[in-house]
Amino acid sequence: MSNINLVNINKNYRDVAALKNVNLTFERNKIYGLLGRNGAGKTTLLNILSNRIFPTSGQVVIDDKNINDIPKQISNIYLSGESNLLPESMKVKEIFKWTKEFIPSFDGELALRLAQAFELPIKKRVQSLSTGYLTILKDILALCANTEFVFFDEPVLGLDANHREMFYKFLLECYVNNDSTYVVSTHHIDEVANIIENIIIINEGSIIRDTTCESLLSEGYTISGKIEDVDKYIADKNVIGFDTLANTKSAYILSAEKITELPESLQVSRINLQKLFIELTKKEASK
Amino acid sequence: MKISPSVKFHISSIKNAIVVFYIVIVATMGTGVYLTQRIQGVVKFGDISFSSIIFLFVIGIMFFRTPFNMLMQSSMTRKELWKSFIISSLIISAFMSAIDTIMAVVSSFIISDASIVSAISGAYTNNAGLSIINTFFLQLFLYMISFSSGYFIRLIYYRGNNLFRVIISVFVPTFLLIGLPVLETYVFIPMNCSLFSTVDFLVRAISPANILGLLFLYVFLFSNLALLSLFNKLLIKRAEVR
Amino acid sequence: MRLNPDSQKPLYLQIAEQIEEDIFLGRLEEETQVPSTNEVALGYQLNPATVLKGMNILVDERVIYKKRGIGMFVCTGALNNIKQKRQNNFYAEYVDSLVAEAKKLNIEREEIIKMINRRYIDE
C-alpha cells in the first residue's frame, strides 16, 4: 500500500462545515502530528481517513483508487479513535484476543508487555476502566496493530505525565521497529515536536499548515533580555506573545527572516511552539 | 471451512442470551410435565417455535451495535459485517430450529400439542420423518426472517434522525394496537370485509396441501428473507460510526 | 550527548556537533561504529529522520562514513580533520567572544594576556 491522499474533502454536519476542502497526503513510514484545538476537525478527519464516516464531498484515495472501491485496504489502517467502540462488558485480555483474531498482524505478546508496563489490569472489564486507562488500552491496541497506517486520536487524553512519556517512548520504539506511518492528533504541540517529522495544523475545518517540524520552527524565534532592550528590539516586529520575569522579558516573534543584527544584550532561542500554535489558530479564527 | 472471526464474534456476543433462553424454556417445560403428572387435567404449552421467533426478533434488534462497533474498531469492512450477519443468523437459526424440532418431537411423546409450524408442515405429508425435516426448514426460514426483521428495524433506527425515530416508535405501536382495531371496527366490518378474517383466510390458503403449495411457500419465505437482507445491506453500506 | 531543545540551533545540528565532540574527546575512536540512528533516536526521544539528518552532515564532512548494511563508522583521519576545523574556527569561536566580554568588563588587553599566561604557568 502506498500513500493515502485526501482529495477536496468536505464534511458538513447539517449546516456546520466540519471540514472545508481538505487536501492532504500521508506518506509511508513517517510520524505526523495533527494539531488543532478542540472542535477544529481532527476527529472528523481521522474518522473519514479510516472509513468510519463518509465525507460530504471529496474522496480518500489510495493508489489512485477511491477507498470505497477497495474496501480491503481498510485492513491496512488502524484508528484508535475518540469514542470507545470496544464492547463495554468485555475484559481487557478478551479485547486483545479478539483484536488478534481480526487483525493478524496484531502483536499480542507486545500488548501484554505494554499492559504490564502501563499497569493496565487485563482482567478488568472495559466499563470499569478509568478515562486514563481506557486511553491506555486504546493506545496499546494501536501500538500493537502493526498495520501500515496507525492513527491516534488524542492518545494522551487523561494520562499522567509518567504515562505520557511512556506512550511517546513506545510510539517511537514501534516506529523504529517497523515501517508503519503514525499520525498523532493532539493539542500538546511541545510534547510531540521532537518525535514527529511532519506537522499538520487544522483550524476550523481548514488545513493551515502542512509542513515539516523544522520549517515550522523557522517561522519565528524568541528574544530575551532586559525589558527595555527587548522592547526596543521588538518595536517593529510581529510579536505573538511574551513572558516577563523580574527585569527580563522573552518575546515570541513571528518572522521568516533570519536575524541579522542582534544587540549583544539580547539572546535568541527557539520559538515557543505552543505559543506559535495558539497564535496561528487564533489568528485564523478572527478572520 | 474456517469460520471468520466476524462470524465468531457475532455468535459469541449473543451466546449467553441463547443459553438463558433455553434454560427458561426447559425449566418451563419441565414444570409443565411435572404438573401434568401431579394434578388432574391437561397443561398446554405455548408454541416453542413461536417463542423462538419472538426471541430472535429481540436478539435481532440487539445484534447490530456491538458487532458493528467492534468490526469498525478492528478495521473490518461494512460488507464483512453484512456477510457475517447473514452467516451467523443462519447458524444461530439452524441451531435453534434443530433444538426446537427435537424438543417438539420429544414433547409430542409426552403431550400431543402440535405447534403452528408443524401443523403447516404436517398438512403436506403424513410421513413423520419428512414432516420433521419440513418443520426444521420452515422454522429455519421463519427464524431468519424474524431475526433479520429485528435487525432491519434496528438499522432503520440507527440510520434515521431523531424525528424519524420518534415517529416510528410512536406510530407503529399506536397503529398496531389502536389504529388497526379501530379501522377493523369502523371501516372494514361496516364494509363487510373483516381485515383479520382476510389475513386468517390468506394464512390458511398458503398452508400447503401439496408439493406445489409447499414450494410456493418456500419461495415466498426465501424472497422475503432476500428482500430483508438486501434492505439491510443498503442500510449498512452507508452506516457511520457514532 | 547533551541536547538543548530550547536552543535556536536546530536539533540535527546539535546532534552532528555532539557526535563530533565525542570523536574529538576520544570517546569515539577512528574506525569504530557510531551509535545507530535508531539508538540515538530512542535514547533522546527524537524522530530518527532528525538524527539521520545530523549524521548526514558528518558524512558530507567526511567525519563518518556508511558501511552498507552495518552502520556508520568514524573515518580514519576524522580526529585530525576535526582538530583542523576547530583550529580554523578558534579565533571566531573563542577570541571574539573573549574580547567582547572583556570589553564589557573593562578588562585591558594586557590584563587578558597576563591571564592567559597565568593559565599556562598553572598547568
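Labels below follow one simple rule: chain letters A, B, ... track the order of the sequence lines, proteins then strands, and each chain is numbered from 1. Just so you know, these numbers use all the heavy atoms, side chains as well, and skip hydrogens, waters and symmetry mates. Values in this document were obtained by computation on a predicted structure and should not be read as measured data.
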Novice: Does CD belonging to A/Glu165 count more than 12 external heavy atoms closer than 6.0 Å?
Specialist: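 Check fails, neighbour count at 12 or below.
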
Novice: By a 4.5 Å heavy-atom criterion (distance strictly below it), what part of C/Leu11 contacts chain A: side chain, backbone, both, or neither?
Specialist: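 Contact with chain A involves the side chain of C/Leu11 alone.
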
Novice: Can you confirm whether A/Arg164 is buried at CZ, in the sense that more than 12 heavy atoms of other residues, nucleotides or ligands lie under 6.0 Å from that atom?
Specialist: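 Enclosed: over 12 neighbouring heavy atoms sit under 6.0 Å from CZ of A/Arg164.
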
Novice: Do other residues, nucleotides or ligands put more than 12 heavy atoms under 6.0 Å from the CD atom of A/Glu109?
Specialist: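 No, the 6.0 Å shell around CD holds no more than 12 heavy atoms from other groups.
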
Novice: Within the supplied structure, the quantity of interest is the number of heavy atoms (other residues, nucleotides, ligands) at a distance under 6.0 Å from C/Leu105 CG; does it exceed 12?
Specialist: yes

Novice: If we check side chain to side chain contact (heavy atoms under 4.5 Å, CB included) with A/Val176, which of these qualifies: C/Leu42, C/Thr37, C/Asn47?
Specialist: C/Leu42

Novice: What's the spacing between C/Thr50 OG1 and A/Asn194 CG if we round to 0.5 Å?
Specialist: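 Those atoms lie 7.5 Å apart.
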
Novice: State, with a plain yes or no, whether a side-chain heavy atom of C/Lys53 is found less than 4.5 Å away from one of A/Glu214.
Specialist: yes

Novice: Taking everything shown except C/Glu29 itself, do over 12 heavy atoms lie less than 6.0 Å from its CD?
Specialist: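 No, CD of C/Glu29 has 12 or fewer neighbouring heavy atoms, counting only those of other groups under 6.0 Å.
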
Novice: Which answer fits A/Leu172, side chain, backbone, both or neither, if we ask what part of it has an atom under 4.5 Å from a heavy atom of chain C?
Specialist: both

